[in-house]
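Note sheet for the following structure.
Each ligand, and each atom within it, is numbered from 1 in the order the structure gives.
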Amino acid sequence: MADTLTSPVLAGTSNRPNIYHNFIDGEWVEASTGETFENRNPADTRDVVGIFQRSAKADVDQAIDAARQAFLKWRLVPAPRRAEIIYTAAEMLAERKEDYARDMTREMGKVLKETRGDVQEAVDTAYYMAGEGRRMFGPTTPSELPNKFAMAVRHPLGVCAMITPWNFPIAIPSWKLLPALVCGNTCVIKPAQDTPLSTFNLVRTLVDAGVPKGVVNIVTGFGSETGAPMLEHPEVRAVSFTGSSAVGRTIGTTSAKSFKHCSLELGGKNPMIVLDDANLELALEGALWGAFGTTGQRCTATSRIIVQKGVYHKFVHSLVDRARKLRVGNGLDESIDMGPAVNEKQLQTDLEYVEIGKQEGAKLACGGNRLEKGDHAHGWFMEPTVFMDVNPKMRIAQEEIFGPVVSVIPCENFEDAIQIANNIEYGLSSAIYTRDVNKAFSAMRDLYAGITYINAPTIGAEVHLPFGGVKATGNGHREGGIGAIDFYTEWKSVYVDYSDRLQRAQIDRPE
Ligand code: UN1
């Protein structure tokens with residue numbers, strides 16, 4: 001297996017890109033279809049990052065079969081031993097951080113400081129999950145009967161399928177793979193077709209750290225051809241998906257038919273409230289980072305800024321001024337603030353929403369255009385875009401855009417702000433800027449979302465806290481921290497009766 005890992009690709013030449021194979025049962029294998037797809041650099045589409053397999057059901061079945069076989073042994077490896085492998089992977093990932101960040105910027109577009117953060121998020125997750133190997137606590141509790149012992153233990157589920165997005169191409173796979181592995185599950189992962197290389201980098205590290213063959217498998221391809229067969233396979237016990245609410249609904253209903261555990265992390269339309277008493281400079285910095293970081297392509301991106309009327313004009317004016325100064329370009333250049341959209345389709349969606357906003361009567365305060373001259377000629381770039389005077393009912397204030405387009409909405413007071421913030425289909429992240437401790441605590445209680453930040457933007461979740469949201473953002477599960485351990489384990493209650501006689505719960509009671 002070591003040999004196959006040192007040569008996971010058919011080496012490219014200067015004008016022929018690398019060809020990557022699926023990774024199944026510790027071997028690099030071609031897809032049964034004989035077909036492939038290209039992964040191109042969104043900052044310069046002349047640059048082909050790699051050629052990947054376009055897989056179908058037969059390939060998925062093979063990977064699931066390998067994972068099912070591997071589960072028989074992996075589940076019996078003591079959790080602290082599994083954790084040691086994950087700990088080693090954390091150390092290796094930290095060493096490889098710069099290379100993997102560069103690969104990620106090249107295939108996905110976000111700027112280097114963010115792709116370094118993405119790899120770091122996987123390092124953090126790995127250290128946390130390695131620690132879980134010596135916890136994985138379950139309750140022991142008194143029995144109601146004498147000479148009887150009771151406890152609940154965590155068992156792995158079996159084969160887990162993961163379908164991951166392109167916006168956090170190492171961090172999000174790590175949120176899924178690492179807790180699944182430490183709990184004793186085996187995995188088949190289908191990365192987004194825009195960012196498969198980053199998943200290869202993560203999995204390569206896990207295997208180099210000692211994860212045995214068949215325990216983690218990668219099958220690349222498109223959702224309908226490669227993702228769908230995972231949802232229907234009877235041997236898959238859990239499905240974890242991060243992506244749009246529309247796709248999440250299909251994944252949830254399909255998985256339900258065979259009673260799979262299903263974790264959905266879906267859309268967001270995250271509000272940031274700025275009250276009259278806020279530190280305005282801090283709120284501005286937060287708004288720029290929250291709205292235009294990752295080119296607005298985060299589930300947690302700040303996409304609505306709800307500003308109280310006393311500071312509204314000053315805030316919007318400064319926001320527009322600062323947004324215009326952001327440098328847009330190739331994220332490999334350290335001086336760049338914002339990279340391209342991930343692909344042409346996403347760019348078209350962003351530009352369509354600019355038109356929708358204009359037609360709805362919102363005021364385009366800055367941006368709105370594609371950038372296609374000079375250094376931008378070969379990528380999917382657009383200007384950071386601010387709409388002001390947005391009515392909260394407008395589509396640009398209700399629908400997830402997933403691009404660098406932010407809506408500024410005026411509000412009267414705190415109560416009005418909370419109502420606007422909550423009056424939405426989604427509920428992932430939320431933020432409020434205020435110096436009033438009473439309002440801050442009221443917002444912590446009243447903002448209906450999975451995450452609330454006080455005096456910080458809507459992005460920046462840490463890996464040991466629950467990550468996920470309410471309403472159309474998910475189905476009640478959380479990633480990160482202990483929530484992930486809950487998802488990837490099944491409870492078993494164990495009773496040991498050492499009384500040497502039949503004791504009947506609920507029936508044998510003292511007179
Ligand atoms: C996502 O938005 O898809 O909190 C994930 C954050 C990151 C993770 C975001 N740590 O912004």
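A donor-acceptor pair shorter than 3.5 Å can be found between the side chains of Thr115 and Thr105. Between the side chains of Thr385 and Tyr353, no donor-acceptor pair is found at a separation under 3.5 Å. A donor-acceptor pair shorter than 3.5 Å cannot be found between the side chains of Ser303 and Glu400. Residues Thr300 and Thr458 bring no donor and acceptor atom of their side chains to less than 3.5 Å of each other. Using modelled atom types, one finds no donor on one side chain facing an acceptor on the other under 3.5 Å when comparing Asp436 with Thr434.
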Side-chain atoms of residues 240-249: list all donor-acceptor pairs with protein atoms under 3.5 Å, sequence neighbours left out, distances to 0.1 Å.
from: Ser240; atom 1: OG; to: Lys176; atom 2: NZ; distance (Å): 3.0
from: Thr242; atom 1: OG1; to: Lys176; atom 2: NZ; distance (Å): 2.8
from: Ser244; atom 1: OG; to: Val247; atom 2: N; distance (Å): 3.2
from: Ser245; atom 1: OG; to: Gly267; atom 2: N; distance (Å): 3.3
from: Ser245; atom 1: OG; to: Ala472; atom 2: O; distance (Å): 2.8

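For ligand 1, the 4.0 Å heavy-atom shell takes in Glu121, Asn167, Phe168, Ile172, Trp175, Arg298, Cys299, Thr300, Ile459, Gly460, Ala461, Phe467, ordered by chain and residue number.
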